[in-house]
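Here is the structure we will look at.
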Amino acid sequence: MVNSFRQALHSGEFLVTAEVMPPKGGDTSHTIEMAKHLKGRVHAVNITDGSRAVLRMCPLAVSVLLLREGIEPICQMACRDRNRMGLQADLMGAHALGIHNILALTGDPPKAGDYGDGRPVFELESVRLLKVIDLLNQGFDAHQKKLPDGPLNLLAGAAVDPQLDSWSGLERRFKRKVDAGAQFFQSQMVTDFERLDKFMTQVAAPSNRPVLAGIFLLKSAKNAKFIKRCVPGVHIPDSLIERLANAEKPLLEGMKIAAEQIKLARNICHGVHLMAVKREDLIPQILDLADIGPLS
């Protein structure tokens, strides 16, 4: 069984994860191909769960397919579409299928995506989902009734946004997730590394939980402006946009920026979470630029 992420987490290695979106349809070949580029370069690959509330294949199915390829998945699980019974059923299924890394998310509201008239569930949110996972790992369901067929063995993680405007809200939310059982954190896109350093020193350090800084591949100035305008909570400095606009090869410049950010993160936190939407094949080159070689 593939378990490099859990081992690396406990050994204190610099952690590297990346993100791949499931297909919008029945053909998984492109998703699998993108993930194969990451094999041997990252400790685990996140499979998103309806990111930005856009319809895609369920992450559990894609996680199983990656596992068959020898690629360790982190299966994202959002609370938007399922009640606590459905979420627990999927968590039990994930455990049985060998999917042991779960990223617990609240999820984007339906109105943000392509099914704006869809009915949201949100019976749980990320903190309560973490508590449910902790109970399942102890051998109890959400009603604290003993599971007759044994406990689960899930490694639960959570999301964090070090650049959140409200510092007190950031501190409170992070502590609640730690207390609920989060074993690792993957951050939203980071561009302010002084803020990340402050977060690590003042908020994250006492928890002794690994934090992976979110690094996003900006492909062009147009791409950066779109993300800044359309993705809530994202902060992209004008200086980065100007750098991309003035570059002879904007995509290469975006790769260089990502590599520079990885180097900054390496001196601040425990790892990086790489997001290169539709160009996951470039992640090995970005890691090379950042002087991070293949996994041992």
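Only this structure's heavy atoms are used, side chains among them; waters, hydrogens and symmetry mates stay out.
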Exercise for the section: Any pair with a residue in residues 163-174 that passes salt bridge (charged side-chain N to carboxylate O under 4.0 Å, His left out), sequence neighbours left out, goes on the list, sorted by first then second residue, please. Expected result: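 Sorted result for residues 163-174: Glu125-Arg173.
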Problem - Atom pair CZ/CG of Arg82 and Asp90 - distance to nearest 0.5 Å - result: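 Interatomic distance, Arg82 CZ to Asp90 CG, rounded to 0.5 Å: 5.0 Å.
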Shortest non-hydrogen contact from [X] toward [Y]:
{"X": "His43", "Y": "Glu72", "value": "O-OE1, 3.6 Å"}
{"X": "Ala159", "Y": "Leu103", "value": "N-CD1, 4.3 Å"}
{"X": "Asp108", "Y": "Arg52", "value": "OD2-N, 2.7 Å"}
{"X": "Gln183", "Y": "Gly181", "value": "NE2-O, 3.0 Å"}
{"X": "Asp291", "Y": "Arg266", "value": "O-NH1, 3.6 Å"}

Exercise for the section: Determine yes or no for a side-chain-to-main-chain donor-acceptor pair under 3.5 angstrom, with Lys219 supplying the side chain and Arg279 the backbone. Expected result: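 Here the side-chain-to-backbone pair does not exist.
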Practice task
Could you tell me whether a side-chain N or O of Asp114 sits under 3.5 Å from a main-chain N or O of Leu55, the two making a donor and an acceptor?
Solution key: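 Side chain of Asp114 to backbone of Leu55: a pair is present.
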Handout entry: Lys39 vs Glu69, salt bridge (Lys or Arg N to Asp or Glu O under 4.0 Å): CA-CA, chis, key distance, verdict
Key = CA-CA 9 Å; Lys39 188 173 182 178; Glu69 298 290 340; 5.8 Å; no
Exercise for the section: Would you sort out whether Val190 and Gln261 count as a side chain to side chain contact (heavy atoms under 4.5 Å, CB included), showing the intermediate values? Expected result: CA-CA 9 Å; Val190 173; Gln261 292 175 335; over 6 Å; no
Exercise for the section: Any chance you could pull the hydrophobic cluster mates of Leu135, using side-chain heavy atoms under 4.5 angstrom and chaining through other members? Expected result: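 Traced through the cluster, Leu135 reaches Phe140.
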Exercise for the section: Kindly work out whether a path of hydrophobic side-chain contacts (I/L/V/M/F/W/Y, heavy atoms less than 4.5 Å apart) joins Leu152 to Leu9. Expected result: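 Leu152 does not cluster with Leu9.
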